[in-house]
Amino acid sequence: MTIEMYQETYIQQQFAERIGGANYGKDTAIYKFEKIKRAKAAAKKERPELALIDMGVGEPDDMADSAIVVRLAEEAGKPENRGYADNGIADFKIAAARYLQEVFQVEGIDPTTEIVHSIGSKPALAMLPTCFINPGDITIMTVPGYPVLGTHTHYLGGIVYTVPLTEENHFLPDLNSIPEDVAVKAKLLYLNYPNNPTGACATVEFFTEVVAWARKYNVVVIHDAPYAALTYDGVRPLSFLSVPGAKDVGLELHSLSKSYNMTGWRIGFVAGNPLIVKAFSDVKDNNDSGQFIAIQKAAAYGLAHPEITEAIAAKYSRRHNLLVAALNELGFRAVKPKGSFFLYVAIPKGVAGGPKFESAEDFSQYLIREKLISTVPWDDAGHFVRFSVTFEAHGVGEEQSVIAEIKRRLSEVKFQF
């Protein structure tokens with residue numbers, strides 16, 4: 001018996017149903033990010049003379065602040081920092097509580113019982129459903145959005161109900177549109193503001209509505225807030241926890257990945273309702289042994305210096321201004337977001353004398369193949385592409401050159417809207 005036959009008759013039958021069971025690995029559907037990856041590789045091969053402009057990547061293009069890096073080096077050399085961190089050190093929790101107060105005006109957070117660190121937000125999002133979801137329970141999430149928010153509910157035998165984010169509703173979910181039978185069975189409501197991919201920001205009024213809705217239906221609110229401090233043009237950073245009653249119904253996830261250029265460092269925290277924090281801590285304690293203490297101490301230094309994030313936000317704001325102006329001159333209807341580093345733009349109908357675009361994926365693939373400009377398509381609620389202003393550029397001059405080159409390439413054709 002060959003290895004392939006052995007795997008087909010034995011290993012293939014052992015996979016859990018949550019990842020496909022006996023059909024695992026046989027699905028021929030291609031995930032959209034894999035399609036983008038393949039299209040980029042093909043386009044670069046076909047047109048090596050033209051540099052790919054990657055406007056799809058969702059992570060910062062710069063290093064972490066040098067002072068944070070220095071602090072990491074110092075702390076990494078101390079023997080007392082070498083061991084297991086478990087559920088985190090007091091220094092980081094205290095810094096996180098002060099950060100919430102200073103940047104977001106969140107008062108009264110107890111760093112001992114209402115904050116715990118996480119190895120980035122993604123593992124926290126993956127673990128939280130374990131605290132709540134039984135087979136048949138419902139998680140409510142918004143689309144377009146981060147798929148991981150629903151993945152683990154599916155893994156646990158739960159059901160995911162999606163609420164569309166539409167331009168007409170300022171890319172906020174219409175909670176009144178959720179059917180009563182869904183609301184009464186729901187355990188979790190996931191929100192994400194400033195939003196990926198729309199760039200929309202929440203308001204105090206909206207979060208107040210969320211608290212009242214959650215109380216009415218006994219739903220736990222999980223606010224994923226990795227872009228919360230990246231806001232522009234006088235919009236103040238807003239935390240769900242700053243709204244009266246929010247801590248009674250849920251918690252908020254913060255990350256240093258986007259706001260401090262620390263994606264690979266994998267450090268963040270959850271804060272809010274102490275019973276939820278305790279439950280998450282118990283589940284987390286059975287999943288990991290904590291992030292390296294030196295990273296926590298370096299991150300605590302960063303949280304104590306929010307001016308680092310303010311400088312990063314100023315750069316993204318400048319890039320948004322350049323990109324919005326260029327796209328609008330070409331006929332697009334681009335509106336600068338109030339937060340995040342994403343620009344969410346409705347697609348054209350087609351190219352004069354050329355292809356028609358039935359979906360955002362059609363348009364995104366066209367941009368890669370024909371213009372070597374990479375974006376991310378979203379067809380969940382309308383047809384939009386997401387541009388990211390984290391493209392590679394060092395200094396204002398290079399930023400202007402990148403945007404000018406995008407404008408030049410796109411002006412070679414006439415888009416129809």
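Counting begins at 1 with the first residue of the sequence.
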### Smallest separation among heavy atoms of Arg409 and Ala51, with atom names
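Heavy atoms of Arg409 and Ala51 come nearest at NH2-O, 2.8 Å.
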### Query
Should Ile373 and Ile368 be marked as a side-chain contact (heavy atoms from CB on, under 4.5 Å) after you check the CA-CA gap, both sets of side-chain angles, and the distance that decides it?
CA-CA 5 Å; Ile373 298 171; Ile368 295 173; over 6 Å; no
Any chance you could measure [X], atom [atom1], to [Y], atom [atom2], to the nearest 0.5 Å?
X: Leu367; Y: Ile406; atom1: CG; atom2: CD1; answer: 10.0 Å
X: Phe206; Y: His170; atom1: CZ; atom2: NE2; answer: 12.0 Å
X: Leu330; Y: Leu410; atom1: CG; atom2: CG; answer: 5.5 Å
X: Lys93; Y: Ile115; atom1: NZ; atom2: CD1; answer: 8.5 Å
X: Thr130; Y: Lys284; atom1: OG1; atom2: NZ; answer: 14.0 Å
X: Ser118; Y: Leu253; atom1: OG; atom2: CG; answer: 6.0 Å

Salt bridge [X]-[Y], side-chain N to carboxylate O under 4.0 Å:
X: Glu167; Y: Arg333; value: yes
X: Lys356; Y: Asp362; value: no
X: Lys258; Y: Glu59; value: no
X: Arg266; Y: Asp288; value: no
X: Lys371; Y: Glu412; value: yes
X: Glu361; Y: Lys32; value: no
X: Lys185; Y: Asp181; value: no

Under 3.5 Å donor-acceptor, [X] side chain and [Y] backbone:
X: Ser364; Y: Ala360; answer: no
X: Gln296; Y: Gly88; answer: no
X: Ser242; Y: Leu238; answer: no
X: Ser259; Y: Ser255; answer: yes
X: Lys247; Y: Gly108; answer: yes
X: Asp282; Y: Ala279; answer: no
X: Ser281; Y: Val116; answer: no
X: Asn273; Y: Val277; answer: no
X: Arg71; Y: Lys297; answer: no
X: Asn169; Y: Leu165; answer: no

Aromatic contact, [X] with [Y] (centres under 6.0 Å):
X: Phe269; Y: His254; result: yes
X: Phe171; Y: Tyr344; result: yes
X: Tyr301; Y: His305; result: yes

[Y] and [X] aromatic ring geometry - parallel, tilted or perpendicular at 30°/60° bounds:
X: Tyr227; Y: Phe341; value: perpendicular
X: Tyr99; Y: Tyr260; value: tilted
X: Tyr217; Y: Trp213; value: tilted
X: Phe415; Y: Phe357; value: tilted

### Task
Evaluate the criterion salt bridge (Lys or Arg N to Asp or Glu O under 4.0 Å) for residue pair Asp233 and Lys338; output intermediate values, then yes/no.
CA-CA 7 Å; Asp233 301 331; Lys338 296 178 180 179; over 6 Å; no
### Message
Between Phe207 and His223, does the ring-ring contact (aromatic ring centres under 6.0 Å, His included) criterion hold? Intermediate values first, please.
### Response
CA-CA 10 Å; Phe207 278 154; His223 183 228; 5.1 Å; yes
[X] vs [Y] side-chain heavy atoms within contact, under 4.5 Å:
X: Leu189; Y: Val220; answer: no
X: Leu72; Y: Ile295; answer: yes
X: Asp379; Y: Phe384; answer: no
X: Arg236; Y: Gln105; answer: yes
X: His154; Y: Arg18; answer: no
X: Val249; Y: Arg215; answer: yes
X: Pro377; Y: Phe363; answer: no
X: Tyr190; Y: Pro129; answer: yes

### Task
Show your working on ring-ring contact (aromatic ring centres under 6.0 Å, His included) between Phe240 and Tyr193 and close with a plain yes or no.
CA-CA 9 Å; Phe240 176 62; Tyr193 289 95; over 10 Å; no
[Y] versus [X], side-chain donor and acceptor atoms under 3.5 Å:
X: Ser239; Y: Glu252; answer: yes
X: Ser257; Y: Thr263; answer: no
X: Gln12; Y: Lys26; answer: no
X: Ser317; Y: Lys336; answer: yes

### Test log, rule side-chain contact (heavy atoms from CB on, under 4.5 Å), inputs Ile308 and Ile68
CA-CA 10 Å; Ile308 294 172; Ile68 297 177; 3.9 Å; yes
### side chain to side chain contact (heavy atoms under 4.5 Å, CB included) partner of Asp224, the single match among Val148, Leu125, Val270
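That would be Leu125; it is the only one of Val148, Leu125, Val270 passing the side chain to side chain contact (heavy atoms under 4.5 Å, CB included) with Asp224.
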### Task
Apply side-chain contact (heavy atoms from CB on, under 4.5 Å) to the pair Ile312 and Asn261, showing each step before the final yes or no.
CA-CA 8 Å; Ile312 294 169; Asn261 296 341; 3.6 Å; yes
Within 6.0 angstrom of [X] [atom1], more than 12 heavy atoms from elsewhere:
X: Tyr161; atom1: OH; answer: yes
X: Arg408; atom1: CZ; answer: yes
X: Arg318; atom1: CZ; answer: yes

### Task
Determine, stepwise, if the pair Thr198 / Asn195 fulfils side chain to side chain donor-acceptor pair (under 3.5 Å).
CA-CA 5 Å; Thr198 70; Asn195 183 256; 2.9 Å; yes
### Query
Could you walk me through whether Leu251 and Leu241 pass the side-chain contact (heavy atoms from CB on, under 4.5 Å) check?
CA-CA 7 Å; Leu251 53 72; Leu241 296 175; 5.5 Å; no
